[in-house]
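Shown next, in structure tokens, is the structure this report addresses.
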Amino acid sequence: MNRRNWILLIVLLVQVGLVAWLYWPRPAQTAAGTLLTDIATEKISGLTIEDNTASVELAQVDGQWVLASGGNYPATTLSVTSFISGVLAVDTGRLVATSPASHARLRVSDADFVRRVTLASADGGEQVVYVGASPNAGAVHVRAAGSDNVYLADGALSGAARTDLAGWIDTSYVSLDPASVQEMTITNANGALELVRDANSQWTLPSLAPDETLDAAALQTLAS
């Protein structure tokens with residue numbers, strides 16, 4: 001075979017290889033799905049979040065979310081439902097590991113985790129999600145119990161998975177618009193003190209005796 005025929009043969013083989021690469025059947029790409037399946041927000045009746053030292057348990061009682069681990073104190077419904085929605089929104093679009101050997105390193109193992117989130121449904125079923133280490137500020141590793149696959153989720157999920165009671169209740173005792181308050185009375189064992197705003201919106205003491213001097217700064221601090 002002369003040199004020209006060798007060149008033509010090589011070109012032909014390259015073309016055949018290119019055609020085979022372009023048209024060879026490939027496995028269908030699977031679209032990302034939700035990490036947890038067969039569970040809906042409205043079916044969830046309980047939520048438990050644990051770390052290595054503490055845990056918080058929330059439950060629905062008569063349609064209201066309460067802290068089951070805090071004497072059934074009312075929880076802030078929006079905080080609970082927003083967190084549950086965040087957990088259910090985690091998808092399988094960013095797979096980062098498939099081996100159980102990586103679970104401890106990413107802190108999503110059964111024994112070593114940053115947070116363990118358990119969602120309980122009214123029919124007695126449970127689904128568990130392990131929230132692990134964060135590779136950066138915008139992401140966190142997650143794994144569903146029973147699966148070896150580890151995915152990346154929104155980093156906000158880690159901060160929202162709080163195990164302190166204060167993270168789930170409205171801690172403000174009273175909430176008022178300071179500008180709307182014109183009078184107040186403070187009472188203790190020594191008597192009553194009446195405060196009134198003047199035309200300049202400064203707090204004054206109408207009961208101040210002629211020989212008494214008002215400490216204006218202290219009064220403003222007391223009123224605040």
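Side-chain atoms are counted along with the backbone in the values below, which use heavy atoms only and exclude waters and symmetry mates. Here the structure is a predicted model, which is why all the values come from computation and not from measurement. In this chain, numbering begins with 1 at the start of the sequence shown.
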Check: Leu205 and Val196 side chains under 4.5 Å, non-hydrogen atoms: no
Short side-chain to backbone donor-acceptor contact, Arg116 and Glu50, under 3.5 Å: no
Donor-acceptor pair, Ser147 side chain versus Ala144 backbone, under 3.5 Å? no
Do other residues, nucleotides or ligands put more than 12 heavy atoms under 6.0 Å from the CG atom of Asp177? yes
Shortest non-hydrogen contact from Ala192 toward Thr187: CB-OG1, 3.9 Å
CG-OG distance between Asp112 and Ser109, expressed to the nearest 0.5 angstrom: 4.5 Å
Go through the steps for Val90 and Thr34 under the test side chain to side chain contact (heavy atoms under 4.5 Å, CB included), then give the verdict. CA-CA 6 Å; Val90 176; Thr34 56; over 6 Å; no
Side chains of Asp91 and Leu35, heavy atoms from C-beta outward: is any pair under 4.5 Å? no
Can you check whether Leu67 reaches Asn72 side chain to side chain, under 4.5 Å on heavy atoms? no
Please report the shortest heavy-atom distance between Thr98 and Asp148, naming the atom on each side. O-CB, 3.4 Å
Heavy atoms, side chains only, cut-off 4.5 Å: are Val87 and Val142 in contact? no
Taking side chain as C-beta onward, heavy atoms only, is Val140 less than 4.5 Å from Asp154? no
Quick check: is Val150 connected to Leu157 through a chain of hydrophobic side chains (ILVMFWY, heavy atoms under 4.5 Å apart)? no
Indicate yes or no: at least one non-hydrogen side-chain atom of Ser69 is less than 4.5 angstrom from one of Leu165. yes
Check the pair Asn149, Leu95 against side chain to side chain contact (heavy atoms under 4.5 Å, CB included), reporting the backbone distance first and the verdict last. CA-CA 7 Å; Asn149 294 343; Leu95 178 65; 3.7 Å; yes
Examine distances only and state if a side-chain atom of His103 and a backbone atom of Val108 form a donor-acceptor pair shorter than 3.5 Å. no
Just by distance, do the side chain of Glu212 and the backbone of Ala209 share a donor-acceptor pair under 3.5 Å? yes
Answer yes if Leu36 and Val131 sit in the same cluster of Ile, Leu, Val, Met, Phe, Trp and Tyr residues linked by side chain heavy atoms under 4.5 Å apart, and no otherwise. yes
Let's go through Asp51 and Thr163 carefully: what are the C-alpha distance in whole Å and the side-chain angles of both, what is the deciding distance for side-chain hydrogen bond (donor to acceptor under 3.5 Å, both in side chains) to 0.1 Å, and is it a yes or a no? CA-CA 7 Å; Asp51 60 22; Thr163 56; 3.0 Å; yes
Looking only at heavy atoms, which two atoms of Thr81 and Trp65 are closest? And how far apart? CG2-NE1, 4.1 Å
Within the 4.5 Å heavy-atom criterion, are Trp203 and Val181 side-chain neighbours or not? yes
I would like to know whether Leu208 and Thr213 meet side chain to side chain contact (heavy atoms under 4.5 Å, CB included); could you show each step before the answer? CA-CA 8 Å; Leu208 197 67; Thr213 301; over 6 Å; no
Would you say Asp164 and Val56 make side-chain contact, with heavy atoms under 4.5 Å? no
With hydrophobic residues grouped by side-chain heavy-atom distances under 4.5 Å, do Val66 and Val117 end up in a single group? no
With rounding to the nearest 0.5 angstrom, report the CG to OH distance, Asp110 to Tyr130. 4.0 Å
Quick check for you: to the nearest 0.5 Å, what is the distance between Gln202 atom CD and Arg197 atom CZ? 8.0 Å
For the atom pair CG (Leu195) and CE (Met184), what is the distance rounded to the nearest 0.5 Å? 6.0 Å
With distance as the sole test, does Gln127 use its side chain to make a donor-acceptor pair with the main-chain N or O of Thr37 at under 3.5 Å? yes
Gap separating the CZ atom of Arg115 from the CZ atom of Arg107, nearest 0.5 angstrom: 9.0 Å
Nearest heavy-atom contact between Leu152 and Ala139 is CD2-CB, 4.1 Å
Which heavy atom of Gln64 sits nearest a heavy atom of Ala75, and at what distance? NE2-O, 3.2 Å
Kindly write out the residues that satisfy side chain to side chain contact (heavy atoms under 4.5 Å, CB included) with Ala160, not counting sequence neighbours, or none if the list is empty. Phe83
Can you check whether Pro206's main-chain N or O pairs, donor with acceptor, with Thr204's side chain at less than 3.5 Å? no
Please answer: with hydrophobic residues joined when any side-chain heavy atoms are less than 4.5 Å apart, are Leu58 and Val61 in the same cluster? no
Separation between OG1 (Thr118) and CD (Glu126), nearest 0.5 Å, reads 6.0 Å
Is Asp38 salt-bridged to Lys43, going by a charged N under 4.0 Å from an acidic O? no
Partner set under ring-ring contact (aromatic ring centres under 6.0 Å, His included) for Tyr151, not counting sequence neighbours: none
Treat each ILVMFWY residue as a node, draw an edge where side-chain heavy atoms are under 4.5 Å apart, and state whether Val96 and Val114 are in one component. no
So which atom in Arg162 and which in Trp168 form the shortest heavy-atom distance, rounded to 0.1 Å? O-NE1, 3.0 Å
